[in-house]
There are 2 protein chains.
Amino acid sequence: MAASRSKASAEEPNRRADIVRAAGRLFHEKGYSATTIRDIAGAVDMQSGSPFYHFKSKHDMLRAVVLEGMDTINTAVARAATSGKSPRATFEAMLRAHLDQLLGSAGRDFAATLLHESRHLDREAQAEVVALKDGYEAMWQQALNDLKQAGLIADDSPVARLFLMGALNWTVQWYRPDGSRSVAQIARQFARLLIDDTHRG
Amino acid sequence: MAASRSKASAEEPNRRADIVRAAGRLFHEKGYSATTIRDIAGAVDMQSGSPFYHFKSKHDMLRAVVLEGMDTINTAVARAATSGKSPRATFEAMLRAHLDQLLGSAGRDFAATLLHESRHLDREAQAEVVALKDGYEAMWQQALNDLKQAGLIADDSPVARLFLMGALNWTVQWYRPDGSRSVAQIARQFARLLIDDTHRG
DNA sequence: TGCTACCAAGCAAGCGCTTGCTTGACAAGC
DNA sequence: GCTTGTCAAGCAAGCGCTTGCTTGGTAGCA
């Protein structure tokens, strides 16, 4: 989905994907505006004009990075949401999936760029992202509704969802891969903070 | 504290404060890197070279904005923290103070710039901010400890604090002043999401 | 007379992006 | 087997413009 038409085969050296990865990392580290085409080109050993063979503008590179971020996190959490376990176990699996994409080395840069640099997209691309995000948040809303149905939480209002999304997305600001807490541990602790354990066995 | 030596008197037309305000608003809206000196100068009806009479660099303007943000939010929450009410009431007052600074028209731009643009500060200025932030978060840690002592929450670990700070700070992304929820309402609902009401009367 | 606060002009560097051209791989024609 | 044509992928150079910041000068007030 990130590439609109080309196959996402990873066999051959795919320079376009290299550029997206490098752009993602740099956008994450320095921000979109502070990242130059020369930075990106240098990171993949190209001359500064060459990326424009693959993308028609810097803005288009940001769009590719952000859509890649939406796609991977959406896929990961959707899989966790349909794993068919109990509401509580499903919820924790979703937390772990979200945090894995946000903090793990695989998609970290894409997800972080999605969260912090989307405002630099033009109106059209932003509408694209918002549409995907609405679907994503609906998934979380459903999970909260299920938890309430099961009597595990007291509040499943939209504000509760935003409260949760904030806590999750803010981990980008403080999580360190070499720190003492694993992603799975954080996911479990977050679940406990929301779910009223006194109502369980 | 925002201005290192000059008095913070607001009586006379203080052009330096005007610049800080305009810079804060623009940094918040467009980001630090995407904001130009000409943007800032234009916003206060100056020529593009004139702000440099008051600041020695663009970086210094960012530093002033960020320190102003830290100072105002720190002051507001510290006052709420020492109001001498019950742990529960004190906590909710702190939530409201934090959200007021973050979402209210008074200090919104300073606080948001603090949260999102601090990474563009040099190492020295960042250390300055981190030191202030550590003190600020210690205040919240104390509040959580008090709540636990009173039997109102089950977890007062640092992760719980980070969880809370994330939920709070993320409100910047979704709160709209013309929306249906007031800041006070959000503060109360956030308090209820954390505090186990089943243990109260 | 001296100082504060600013303007008008502009500099050097860097920006996103375009252009004309080269290179290596592969296939068709003879 | 050798030439010829085509194409993807990128290089080298640089264009027009913007950037943060500097400089010399000056109006207005004390």
Side-chain angles (χ1 to χ4, degrees), chain A residues 3-24 26-27 29-66 113 117 119-122 125, chain B residues 3-27 29-66 113 117 119-122 124-125:
Chain A
S4 35
R5 58 207 157 276
S6 76
K7 283 241 224 65
S9 63
E11 42 197 28
E12 7 139 346
N14 190 340
R15 304 294 272 137
R16 188 185 194 275
D18 290 346
I19 293 172
V20 173
R21 252 194 309 278
L26 289 162
F27 290 163
E29 285 172 6
K30 319 180 20 169
Y32 173 73
S33 299
T35 300
T36 70
I37 292 295
R38 284 163 180 83
D39 290 335
I40 298 170
V44 294
D45 284 315
M46 280 183 174
Q47 295 298 106
S48 70
S50 301
F52 291 102
Y53 175 79
H54 299 277
F55 296 89
K56 72 180 217 286
S57 66
K58 183 187 175 188
H59 172 274
D60 237 45
M61 298 180 202
L62 175 60
R63 181 172 168 278
V65 170
V66 165
T113 301
E117 309 297 331
R119 64 168 155 181
H120 292 111
L121 292 171
D122 62 22
Chain B
S4 35
R5 58 208 157 276
S6 76
K7 282 240 225 68
S9 65
E11 43 197 26
E12 8 137 345
N14 191 341
R15 302 293 272 137
R16 188 186 195 275
D18 291 345
I19 294 172
V20 173
R21 251 194 311 276
R25 183 172 54 78
L26 288 162
F27 292 163
E29 284 172 7
K30 321 181 18 168
Y32 173 72
S33 300
T35 299
T36 70
I37 294 294
R38 285 162 179 83
D39 290 337
I40 298 170
V44 294
D45 285 314
M46 278 184 175
Q47 296 298 105
S48 69
S50 302
F52 291 101
Y53 175 79
H54 299 276
F55 295 90
K56 71 180 217 285
S57 65
K58 182 187 175 189
H59 173 275
D60 237 45
M61 298 180 201
L62 175 60
R63 179 173 169 279
V65 170
V66 165
T113 300
E117 309 297 330
R119 64 168 155 182
H120 292 110
L121 293 170
D122 62 22
E124 189 180 357

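Per chain, numbering begins at 1; letters A, B, ... match sequence-line order.
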Shortest non-hydrogen contact from [X] to [Y]?
{"X": "A:Gly31", "Y": "A:Glu117", "answer": "CA-OE2, 3.6 Å"}
{"X": "A:Pro51", "Y": "A:Ile19", "answer": "CA-CD1, 4.1 Å"}
{"X": "A:Ala64", "Y": "A:Val20", "answer": "CB-CG2, 4.2 Å"}

Identify which nucleotide among [options] has an atom closest to any side-chain atom of [X], counting heavy atoms from C-beta outward.
{"X": "B:Lys58", "options": "C:dC7, D:dG20, D:dG14", "value": "D:dG20"}
{"X": "A:Ser57", "options": "D:dG10, C:dT4, C:dC17", "value": "C:dC17"}
{"X": "B:Thr36", "options": "D:dT19, C:dG16, C:dC6", "value": "D:dT19"}
{"X": "A:Ser50", "options": "C:dC6, D:dC11, D:dC21", "value": "D:dC11"}
{"X": "B:Gln47", "options": "D:dC21, C:dA8, C:dC15", "value": "C:dA8"}

Between [atom2] on [N] and [atom1] on [X], what's the gap in Å once rounded to a whole number?
{"X": "A:Tyr53", "N": "C:dT23", "atom1": "OH", "atom2": "P", "value": "18 Å"}
{"X": "B:Arg38", "N": "C:dA9", "atom1": "CZ", "atom2": "C1'", "value": "11 Å"}
{"X": "A:Lys56", "N": "C:dG16", "atom1": "NZ", "atom2": "P", "value": "16 Å"}
{"X": "A:Ile37", "N": "D:dA12", "atom1": "CD1", "atom2": "P", "value": "18 Å"}
{"X": "B:Met46", "N": "C:dC7", "atom1": "CE", "atom2": "P", "value": "6 Å"}
{"X": "B:Arg15", "N": "C:dA5", "atom1": "CZ", "atom2": "P", "value": "11 Å"}
{"X": "B:His120", "N": "D:dT19", "atom1": "NE2", "atom2": "P", "value": "16 Å"}
{"X": "B:Ile40", "N": "D:dC21", "atom1": "CD1", "atom2": "C1'", "value": "13 Å"}

Exercise. Looking across every strand, which nucleic acid part, if any, lies under 4.0 Å from A:Thr35 by heavy atom: base, sugar-phosphate, or nothing?
Worked result: sugar-phosphate
